[in-house]
**Q** 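Encoded as C-alpha cells, here's the structure I'll be asking about.
First the proteins, then the strands, lettered A, B, ... as listed; each starts at 1.
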Amino acid sequence: MQRRIAHLDMDAFFASVELLRYPQLAGQPVVVGGRRGALAGDSLEDFPRLRHYVGRGVATTATYPARALGVHSGMGLMKAAALAPDAILLPANFDDYIRYSRLFKAAVAEIAPLIEDRGIDEIYIDLTEVPGETVALAQRIKDAVRTATGLSCSIGVTPNKLLSKIASDLQKPDGLTVLDYSDIPTRIWPLAARKINGIGPRAGEKLDALGIHTIGELAAAAPETLIEEFGQHFGHWLTEVAHGRDERPVVTERETKSISRETTFERDLDVRADRDTLTDILVQLCDRVAGDLKRKGYVGRTIGLKLRYDDFRTVTRDITIEQATDDAATILAAVRSCLKRVPLDRRLRLLGVRVGTLLPPGEAAPRPPQRGENLRLFD
DNA sequence: TCTGGGGTCCTAGGACCC
DNA sequence: TCTGGGGTCCTAGGACCC
C-alpha cells in the first residue's frame, strides 16, 4: 500500500520568531547570527546593522528580503555585510526557538502523532493512517501550526521522505505541495541534483564535472558509471533517489550517539603564548560536556578531542576508556592524553570535546569483552 | 572581507580473535 | 613453511545535515 509522508519545514524559523518580538521589522532584510552582544533597541534606527559587525560569526537564518540580497544561512557575516550592509543583525535566542519548536511539534502531534524529529525546525509526518483528503489534511496542519505559534511553514506530501523533502521546498514560504510518482518527470527531474538531501557540495561538484547537473540527468546516467565513480553504496543510492525511490520509515524514537561541545575563538590562539587561555577553554568544554551528559542521563566511553588550525585544517583524536563516565575530571584526563598525540605547531582557531559510545539512561550495561578474554565456545 | 555549533553516517586500515 | 576467511573493536577523517 502506498504511504503518505509529509515533510514540514518552518519558514525562516529563527528570523520569523524574532519578527514575532519585533513586528516593526516585517518586510526588512533581517539576519540572525553572530555572538551575543548585539542588543536591539526599540526603534528601527536602533537595531544593529550588518555593516557594523566584526567577527567570525555566520548567518544562522535570513529573512526572505535578506535572501533576495544574496544572504544565506551558513554564510560568514563579514561576507553577508558586503552584500547587505544595511540588513539588521539580531543575535540568536535559542531558548525562544526551542519553545516555539515544541509548540509547533505539539500542534502537529494533535493531528498526526507519527512524527520524526529532524532538528529544531523540521519534521517528517507519517499521514498514511490519518483520515482525510491529502490537501485538506496538510492545510489543517499548517493552520494548527499558525494558530499555535503565529508562524508559517511549508509542507510537502508524497509517498516517501525523499520526495517530500524536495516537495516542501518547491513553494516556500507558506507552501503546500502534493506530489505522486507520476509527477517525477515534470516536477523532480528538472531540479538540480543538489536538491536531493544527501547530495552535498562535494558530490554535487563531482556530478557537475561528469556533466550531470539535474536529477533527470542523474536518472539517465548508467548505474555502473555512478558506482564506478562514487563507490558501491553511494553510487547505487544515487540511482535510487534519482528515480524517487526511498523506503525509509518515519522514525519516531532515536538514541543519542554522542554529545559534544566546541568553540571557535575570537582570534587564533598560540599554543605557547596563550597556553593558559587554551587550558581554561578545554577545562570549560569538559565541564559543559559533563553537564550535558548528566542532564540527559548518559555516560560514555569514547572521549574525543577536536582542534582546528588557523589554516582551517581539522584533526581529531579519541580514546576509549574502560568505564563509561559523565565526570568532568575523567573526561579532561582522557582529553589530555589525546592532546599529546596531536601536532601543536600552528595557531588554533577551535577546540572541541566529544563523548561517544553512550550508554542510555539507567542502562548499566557491562563493558564489552576485552581483547584476550572472549567467551570460548569451541575449544 | 573567508568559513558556527551540534549532530549522524560512511569508509578504511590495523589489531586481535576464532 | 605457507595458506585462508570472517568478525568485532578502535581510531581518523570526511561528507553531509539542520
**Q** Not counting sequence neighbours, which residues clear side chain to side chain donor-acceptor pair (under 3.5 Å) with A:D183? List them please.
**A**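 Listed in chain order: nothing, the list is empty.
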**Q** Quick check on contacts: within residues 73-80 of chain A, what sits under 4.0 Å from DNA chain C by heavy-atom distance?
**A**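 Result for residues 73-80 of chain A: none.
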**Q** Does A:S258 make a side-chain N or O approach to OP1 or OP2 of B:dG7 shorter than 4.0 Å?
**A**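 A:S258 to B:dG7 OP1/OP2: no side-chain N or O under 4.0 Å.
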**Q** Can you give one letter per nucleotide of nucleotides 12-18 of chain C, going 5' to 3': B for a protein heavy atom under 4.0 Å from the base, S for sugar-phosphate only, - for none?
**A** SS-SSSS
**Q** Please list, chain by chain and in numerical order, all residues satisfying salt bridge (Lys or Arg N to Asp or Glu O under 4.0 Å) with A:E228, sequence neighbours excluded.
**A**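 Testing A:E228 for salt bridge (Lys or Arg N to Asp or Glu O under 4.0 Å), a comparison that skips the adjacent residues, returns none.
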**Q** With salt bridge (Lys or Arg N to Asp or Glu O under 4.0 Å) as the rule and sequence neighbours excluded, what pairs involving residues 93-105 of chain A come up?
**A**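 Matches after skipping sequence neighbours: A:R21-A:D96, A:D96-A:R99, A:K105-A:D117.
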**Q** Tell me every residue that passes ring-ring contact (aromatic ring centres under 6.0 Å, His included) with A:F230, counting only those two or more places apart in sequence or in another chain.
**A**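 A:F230 satisfies ring-ring contact (aromatic ring centres under 6.0 Å, His included) with A:F234 once adjacent residues are dropped.
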**Q** Check DNA chain C for consecutive Watson-Crick or G-U pairs with both distances under 3.5 Å and list the runs of at least three as stems.
**A**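 Only these stems qualify: B:5-18 with C:5-18.
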**Q** Scan residues 342-356 of chain A for pairs that pass side-chain hydrogen bond (donor to acceptor under 3.5 Å, both in side chains), counting only residues two or more places apart or in two chains.
**A**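 Sorted pair list: A:D310-A:R346.
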**Q** Under the salt bridge (Lys or Arg N to Asp or Glu O under 4.0 Å) definition, can you give me all pairs with a residue in residues 138-160 of chain A, not counting sequence neighbours?
**A**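 Matches after skipping sequence neighbours: A:K142-A:D174, A:R146-A:D174.
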**Q** Under the ring-ring contact (aromatic ring centres under 6.0 Å, His included) rule, collect the residues that match up with A:W189, sequence neighbours excluded.
**A**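 For A:W189, no residue satisfies ring-ring contact (aromatic ring centres under 6.0 Å, His included) once neighbours in sequence are set aside.
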**Q** Between A:D287 and A:R261, does any side-chain N to carboxylate O distance fall below 4.0 Å?
**A**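 No, A:D287 and A:R261 are not salt-bridged.
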**Q** In chain order, what residues pass the side-chain contact (heavy atoms from CB on, under 4.5 Å) check against A:V241, with sequence neighbours excluded?
**A**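 With sequence neighbours excluded, A:V241 shows a side-chain contact (heavy atoms from CB on, under 4.5 Å) to A:L162, A:I196, A:W237, given in chain and number order.
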**Q** Per the side-chain hydrogen bond (donor to acceptor under 3.5 Å, both in side chains) rule, what does the pair list look like for residues 209-224 of chain A, sequence neighbours excluded?
**A**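 Applying side-chain hydrogen bond (donor to acceptor under 3.5 Å, both in side chains) to every pair that reaches into residues 209-224 of chain A, excluding sequence neighbours, yields A:D208-A:H213.
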